[in-house]
S.K.: 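I'd like to ask some things about the structure below.
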Protein chains: 2
Amino acid sequence: MPGSEQLLVDRIPTPIGELVIIADQAGKLRAVDWTDHEGRMLALLARHCRHGFDLHPRRDPHGLSRALKAYFKGDLAAIEPLETATDGTPFQHAAWRELRRIPAGRAISYAELARRIGRPRAVRATGLANGANPISIVVPCHRVIGSDGSLTGYGGGIHRKRWLLAHEGCETAE
Amino acid sequence: MPGSEQLLVDRIPTPIGELVIIADQAGKLRAVDWTDHEGRMLALLARHCRHGFDLHPRRDPHGLSRALKAYFKGDLAAIEPLETATDGTPFQHAAWRELRRIPAGRAISYAELARRIGRPRAVRATGLANGANPISIVVPCHRVIGSDGSLTGYGGGIHRKRWLLAHEGCETAE
DNA sequence: CGGCTGCTCGCGGTTTTCGGACATGGACAG
DNA sequence: CTGTCCATGTCCGAAAACCGCGAGCAGCCG
C-alpha cells in the first residue's frame with residue numbers, strides 16, 4: 001500500500017516489564033511504551049499516521065534497543081543522544097523538548113515545567129501534554145512530579161515512575 | 001523533510017478555463033481541478049497528506065496532461081485508462097468508482113447513482129460525495145444530474161458542467 | 001499559635017460531542 | 001401542483017468536558 005509508513009518494532013525485557021520500541025527507517029524513535037499499554041500506544045500512532053502503517057519486527061533496530069538496555073543496566077546517559085520523531089501540537093513539542101533538558105537524577109514540578117516553556121499558568125495542560133508523550137523513558141516524563149513532592153500520576157503506573165526515579169538516583173518524597 | 005509527499009503539478013488551458021493537474025511519482029492522478037478553485041483543492045489535498053507535500057512543476061507528467069488535452073480536442077476516451085489515487089471514506093470510494101463506469105455521453109441521476117452503489121436511500125449523501133471528488137473530469141462527476149433532468153450543482157460552476165456534457169454529446173434538459 | 005490535612009476552585013490545551021449545512025428525491029397532505 | 005418532511009454521509013465550527021496541577025482557605029490538633 002503506497003504511502004503507508006514502514007516501521008520497525010522490537011521488544012525488550014526490563015526489571016519493570018516488557019518495553020515496546022518503534023522506530024522509523026531513518027533510525028528515529030517513534031514510540032516507546034510498556035507492553036501492557038500497547039493498545040493505547042497504537043491508538044496514538046494511528047491518530048498521526050493517517051495512511052496507516054506496517055510494523056516489521058526487527059532485532060535492535062538502529063541500535064535503539066541496545067541503548068535502552070544500557071540505560072536499564074545503569075548507563076543512564078545512553079538514551080540521551082537518541083533522536084525522536086513525533087507528531088503533536090506546538091505546545092506538546094515545547095513540553096517534550098523541555099523534558100529532555102532535565103538531567104537524570106533530577107525531578108521538577110509541573111509548575112516549573114510550565115514556567116520553563118513560557119506558559120506559567122498552563123500547569124494542568126502541561127500535565128496533559130506529559131501524558132500524551134509517545135516516547136516513554138527517552139523523553140523522561142517521569143521526571144516531573146507534584147509541587148509537594150508527590151508522584152501524582154504516570155501513564156505506565158505509579159510504581160514504574162517510582163522505580164525509574166530511584167534507578168536514576170533521585171531522592172523524592174513519598 | 002522526510003515523509004512529505006513529492007508531487008508533480010502541471011497546468012493546461014481548456015476552452016472553459018485553466019486546469020491544474022497533480023500526479024504522484026507513480027504516475028497516478030491525485031487531483032484535477034480548475035485554477036480558480038485551486039485553494040479548495042489544495043485544502044483537500046492537505047487534509048489527506050498529514051505530513052505535508054511538495055509540489056514540483058513538471059511539463060506533462062507521465063503523459064497525463066497530453067491525455068486531458070486529447071479529451072478536450074474530442075478524443076473522449078483518452079481519459080478512461082488513467083489511473084487515480086485518492087483518499088476518502090469507503091462510501092466516497094464506492095461513489096467515485098461507480099462514476100467512472102458511466103460512459104461519455106450518458107448522464108444518470110443522483111438517485112440512480114445511489115442505487116448502483118447499493119445505498120438507494122443515501123441520495124443526498126451521494127451528492128456530497130460527488131462534490132468531494134478530487135479529480136474533476138477524469139472521475140466524471142459532471143455526468144450526474146437531477147432526477148428531473150436539471151443540472152443541479154457543480155463544484156466548478158454550472159456553466160462548465162453544461163459545457164462538458166455538451167462536449168460529450170449528451171442531450172440534457174434545461 | 002504553627003503545622004498539617006483536605007476541599008474547592010481556577011487555570012488552559014486537547015479531545016469529544018453536537019448541531020447544522022449540503023450538488024437530492026420520494027411520499028404525503030392540502 | 002405546491003409545500004413539508006425525512007433519510008443519509010461527511011465536514012466544520014462552537015461549546016463543553018476532561019485532566020498526570022496547584023494555590024488558597026477553613027478546620028483540626030497539639
Side-chain angles (χ1 to χ4, degrees), chain A residues 37 40 43-44 47-48 87-96 99 107-115 117-133 136 140-162 164-165 173, chain B residues 37 40 43-44 46-48 87-96 99 107-115 117-133 136 140-162 165 174:
Chain A
H37 295 310
R40 183 176 62 107
L44 257 182
R47 185 182 312 149
H48 295 303
D87 289 296
T89 67
F91 180 84
Q92 289 171 331
H93 272 125
W96 299 337
L99 281 179
I108 67 175
S109 70
Y110 293 94
E112 172 63 20
L113 180 57
R115 221 173 346 248
I117 63 179
R119 296 276 180 58
R121 263 166 286 121
V123 185
R124 203 159 181 180
T126 302
L128 269 290
N130 236 4
N133 166 32
S136 290
C141 54
H142 58 276
R143 292 177 193 156
V144 185
I145 61 180
S147 279
D148 61 354
S150 66
L151 296 189
T152 62
Y154 184 64
I158 296 285
H159 64 288
R160 288 190 174 122
K161 188 170 185 176
R162 179 157 32 230
L164 289 168
L165 287 173
Chain B
H37 292 26
R40 182 178 62 106
L44 258 181
R47 185 185 312 148
H48 295 302
D87 290 294
T89 67
F91 180 84
Q92 289 171 329
H93 273 124
W96 298 338
L99 282 179
I108 68 174
S109 69
Y110 293 95
E112 171 63 19
L113 180 58
R115 218 169 354 243
I117 64 177
R119 296 276 181 58
R121 263 166 284 122
V123 185
R124 197 160 185 179
T126 302
L128 269 290
N130 236 5
N133 166 33
S136 291
C141 55
H142 57 277
R143 292 177 192 155
V144 185
I145 60 180
S147 280
D148 61 354
S150 66
L151 297 189
T152 60
Y154 184 64
I158 296 284
H159 63 288
R160 288 189 174 123
K161 188 170 186 175
R162 181 157 32 230
L165 288 172
E174 209 274 345

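Below, chain A is the first sequence line, B the second, and so on; all start at residue 1.
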S.K.: Check whether any side-chain N or O of B:K161 sits under 3.5 Å from a backbone N or O of B:C141 as a donor-acceptor pair, and report yes or no.
M.R.: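 Looks like no, no N/O pair under 3.5 Å.
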S.K.: Write down the distance between CH2 (B:W96) and C1' (D:dT10), rounded to a whole number of angstrom.
M.R.: 11 Å
S.K.: Return the pairing partner of D:dG24 with a 3.5 Å limit on both distances, Watson-Crick or G-U wobble; otherwise return none.
M.R.: C:dC7
S.K.: Grab the CG-C1' distance between B:D87 and D:dC11 for me, whole Å please.
M.R.: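 Rounding to the nearest Å, CG of B:D87 and C1' of D:dC11 are 15 Å apart.
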S.K.: Please answer whether the main-chain N or O of A:A132 pairs with a side-chain N or O of A:W96 as donor and acceptor at a distance below 3.5 Å.
M.R.: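 A pair under 3.5 Å: no.
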S.K.: Polar atoms only, N or O, under 3.5 Å: list the protein pairs with nucleotides 15-25 of chain D and their distances.
M.R.:
residue: D:dG20; atom: N2; partner: A:Y110; partner atom: OH; Å: 3.0
residue: D:dG20; atom: N2; partner: A:N130; partner atom: ND2; Å: 3.1
residue: D:dG20; atom: N2; partner: A:C141; partner atom: O; Å: 2.9
residue: D:dG20; atom: N3; partner: A:Y110; partner atom: OH; Å: 2.6
residue: D:dG20; atom: N3; partner: A:G153; partner atom: O; Å: 3.2
residue: D:dC21; atom: N4; partner: A:R124; partner atom: NH1; Å: 3.0
residue: D:dG22; atom: OP1; partner: A:Y110; partner atom: N; Å: 3.2
residue: D:dG22; atom: OP1; partner: A:A111; partner atom: N; Å: 2.7
residue: D:dG22; atom: OP1; partner: A:S147; partner atom: OG; Å: 3.0
residue: D:dG22; atom: OP2; partner: A:S147; partner atom: N; Å: 2.8
residue: D:dG22; atom: O5'; partner: A:S147; partner atom: OG; Å: 3.4

S.K.: Between B:E112 and B:S109 (side chain of the first, backbone of the second, donor and acceptor by atom type, cut-off under 3.5 Å), is there such a pair?
M.R.: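 No, because the side chain of B:E112 does not come within donor-acceptor range (under 3.5 Å) of the backbone of B:S109.
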S.K.: Within a radius of less than 6.0 Å around CZ of B:R40, do more than 12 heavy atoms belonging to other residues, nucleotides or ligands occur?
M.R.: yes
S.K.: Tell me the partner of D:dT8, counting only Watson-Crick (N1-N3 plus N6-O4 or O6-N4) or G-U wobble (N1-O2 and O6-N3) with both under 3.5 Å; none if nothing fits.
M.R.: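 Looking at the geometry, D:dT8 pairs with no nucleotide.
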S.K.: D:dA14 pairs with which nucleotide, Watson-Crick or G-U wobble, both distances below 3.5 Å?
M.R.: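 Base partner found: C:dT17.
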S.K.: Would you check, one step at a time, whether the test side chain to side chain contact (heavy atoms under 4.5 Å, CB included) holds for A:R119 with A:T126?
M.R.: CA-CA 9 Å; A:R119 296 276 180 58; A:T126 302; over 6 Å; no
S.K.: Please write out each protein N/O paired with an N/O of nucleotides 6-8 of chain C under 3.5 Å, distance rounded to 0.1 Å.
M.R.:
none

S.K.: What distance, rounded to whole Å, do you find between the two P atoms, one in D:dC5 and one in C:dG20?
M.R.: 15 Å
S.K.: Do the side chains of B:N130 and B:L99 get nearer than 4.5 Å, heavy atoms only?
M.R.: yes
S.K.: Would you kindly give the CG-to-C1' distance between B:L99 and C:dA23, to the nearest whole Å?
M.R.: 12 Å
